[in-house]
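Below is one structure; the comments refer to it alone.
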Protein chains: 2
Amino acid sequence: MQPLDHFWKIHSISLMDDVTQDAEPPRDFEALRSKILARHDAMPKRLAQVARHALDHPDRMALSTVAELAEAAGVQPSTLVRFAQSLGYSGFSELQSVFRAQLRDRWPDYRERLARVKDESGAEPARILDRFIDTAARSVADLGRTIIPGEFDAASALLARAAHVYILGQRRAFPVASYLAYALGKLDFPAILLDNIGSMADVQAGRIGPADTLIAISFNPYTPSTIDLVRFAAGRGAAIIAITDSVFSPVSAEARVRLEVIEADLGAFRSLSATMALAMALAIASAEVRDAG
Amino acid sequence: MQPLDHFWKIHSISLMDDVTQDAEPPRDFEALRSKILARHDAMPKRLAQVARHALDHPDRMALSTVAELAEAAGVQPSTLVRFAQSLGYSGFSELQSVFRAQLRDRWPDYRERLARVKDESGAEPARILDRFIDTAARSVADLGRTIIPGEFDAASALLARAAHVYILGQRRAFPVASYLAYALGKLDFPAILLDNIGSMADVQAGRIGPADTLIAISFNPYTPSTIDLVRFAAGRGAAIIAITDSVFSPVSAEARVRLEVIEADLGAFRSLSATMALAMALAIASAEVRDAG
DNA sequence: CTCGATTCAGAATAAATTTTCCACTATTGC
DNA sequence: GCAATAGTGGAAAATTTATTCTGAATCGAG
């Protein structure tokens, strides 16, 4: 009976103190939003003013200081603090963290789906899966922001008119390389996978030339032999398309076109989901460019 | 002549003071990004470290405090300030405001992109990328529904106690297999990739036995040699974990555990994003199970 | 109207974050 | 190999920012 009793006690206090105190402030944005909406009409004038401003400009709520927001909303700084406290937070900062989390994590359509996935999480290993799904989905969605359309177009054009397409990726990047080799081969591109079997990558790439394009996939920590081979290819006049996780990759320096993929990481591990999506898109876009022109 | 004169003056000051002072720090993100990139190589070690972290995690730069970022980048708080000043800003706060503005403004652009995905189906390369992002993200999110938690748990348990883990995947499934081999190897599992080099998969799997587990990845159209090898392993008493796109896969019949991945397809092509996410989650979940028990 | 309670603005205080400073270390040019 | 110079880490100082507090204003009930 303890918990229930506790609940009712809190509830009655909450009614007595009107909207001044609350036991459990919302931790996610949607809950916060509905709570503000529900209370808005019962709020004192200035607090209502803040409430309105908060929902109208969530970005500013996440990024601005109390003073700036107070000015923008036409109230005193202290009003912001009281607003936060009236929702049950300890202060403005705690409220703001909810807006910030929202700004970091928001992405369209999939939010609801993922929330549902989260709720249903049961046993231990399955929870790990859920977290990976979450991370991978975010990485994929982020692709749209990190890839510069012009660069992607340029990469497709380079591939479409290449005499040969050489593909290089070692260790963690190898799965991507092998997939590209498969997809490009299927699409009838002259694709050559530099798999370094028998340490013969240099031999495999021996005849690379100015009419050719090399797709180099490389992630931190960068494999030295990948960098060497990229320099070799660049020296022979081949165009380089770099797929990396950072613009500071040594491979980027030599590249004609740079495609940066930021995979969200979970602990020490990074998925390849976003990179695979990019690889596939690149293969098909190149085929379309080639067949159109 | 005024502007040119001005330029040279700035330039000479800049050379004299090395990278310590600048007249006009970038006010928009793109300019800042290129400036950091251009200077990165000439920067002192710690500043370069900060530069890298800044471009690799722009969101954190926008939302975190100096202390948090310093910790994440592995430097002292003061280094962040010096970094900002070396770019011409008065301090860190001024630099951060550029990152914040970027975070605020990127949103409409993204929404526009997705809207474009939905109605248009043109062949422009960047548009193809958008559609793939959409498709891949959906596939990944769907994983949470198609994978049965119990099966995933069972797979983790099988891997955790396997004497050897054999991994088999050909053609389109090969990238997944090679990634699993990499990840499991890194996690200190006794992983053996049956890559079928020189058509020697049967030799590679020759010593498989009842204490071993075989992960078989297979998609329609199923590669006959994969099916043969799975039957061989099953005959020798090995446990089979099947990762497939359909429960009717011939590989499923022999399997102890079945993990079904339904990749949303775009035209005739299917991405591997969801499968890669599953592979990674499986590897790490298995490691957790092993280390817990 | 007037009492009582609630809400508010602004100053005062407290907390946090940023910035500066300086001794020490590494690097570079001679 | 040795100065001179530049870079670094750590902690103290300064600044910014959030929070609390108090008296005044407003509102509503009787």
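When reading the values below, keep in mind they use all heavy atoms of this one structure, side chains included, and skip hydrogens, waters and symmetry mates. All chains are named by letter (A, B, ...) in the order of the sequence lines, taking the proteins before the strands, and each is independently numbered beginning at 1.
Non-hydrogen atoms lying under 4.0 Å from DNA chain D are contributed by Gln76(B), Ser78(B), Thr79(B), Arg82(B), all within residues 64-83 of chain B.
Distances were taken from every side-chain heavy atom of Phe92(B) (C-beta onward) to each of dT19(C), dC8(C), dT8(D); the shortest belongs to dT19(C).
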List the steps, then state whether salt bridge (Lys or Arg N to Asp or Glu O under 4.0 Å) holds for Asp134(A) with Arg138(A).
CA-CA 6 Å; Asp134(A) 189 49; Arg138(A) 177 146 48 231; 3.4 Å; yes
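Spacing between atom CZ of Arg46(B) and atom P of dT27(C) amounts to 10 Å, rounded to whole angstrom units. If you measure from atom NZ of Lys45(A) to atom P of dT26(D), you get 9 Å, rounded to the nearest angstrom. The CD atom of Glu94(B) sits 14 Å away from the P atom of dT18(C) (whole-angstrom rounding). Taking atom CG on Leu95(A) and atom C1' on dT17(D), their separation rounds to 15 Å, with Å as the unit. The interatomic distance linking Gln49(B) (CD) with dA26(C) (C1') rounds to 15 Å, in whole Å. Rounded to an integer number of Å, the gap from Met43(B) CE to dA6(D) P is 17 Å.
Taking Thr65(B) as the reference, nothing meets the side-chain hydrogen bond (donor to acceptor under 3.5 Å, both in side chains) condition, with sequence neighbours excluded. Considering only residues two or more places apart in sequence or on other chains, Arg258(A) meets the side-chain hydrogen bond (donor to acceptor under 3.5 Å, both in side chains) condition with none of them. When the salt bridge (Lys or Arg N to Asp or Glu O under 4.0 Å) test is applied to Glu263(A), no partner is found at least two apart in sequence or on another chain. Residues satisfying the side-chain hydrogen bond (donor to acceptor under 3.5 Å, both in side chains) criterion with Gln204(A), sequence neighbours excluded, are Asp195(A). Applying the salt bridge (Lys or Arg N to Asp or Glu O under 4.0 Å) test to Glu94(B) and every residue at least two apart in sequence or in another chain returns Arg27(B). Listed by chain and residue number, Asp56(A) satisfy the salt bridge (Lys or Arg N to Asp or Glu O under 4.0 Å) test with Arg52(A) (two or more places apart in sequence, or in another chain).
Checked against the 6.0 Å centroid threshold, Phe29(B) and Phe99(B) count as a close aromatic pair.
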Donor-acceptor contacts, no H, no angles, side chain residues 226-240 of chain A, under 3.5 Å, sequence neighbours left out:
residue, atom, partner, partner atom, Å
Arg231(A), NE, Glu254(A), OE2, 3.4
Arg236(A), NE, Ile208(A), O, 2.9
Arg236(A), NH1, Gly206(A), O, 3.2
Arg236(A), NH2, Ile208(A), O, 3.1

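One finds no side-chain N or O of Gln96(B) lying less than 4.0 angstrom from the OP1 or OP2 phosphate oxygen of dT17(C).
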Could you pull out the protein-nucleic contacts involving nucleotides 13-15 of chain C (nitrogen or oxygen on both sides, under 3.5 Å)?
none

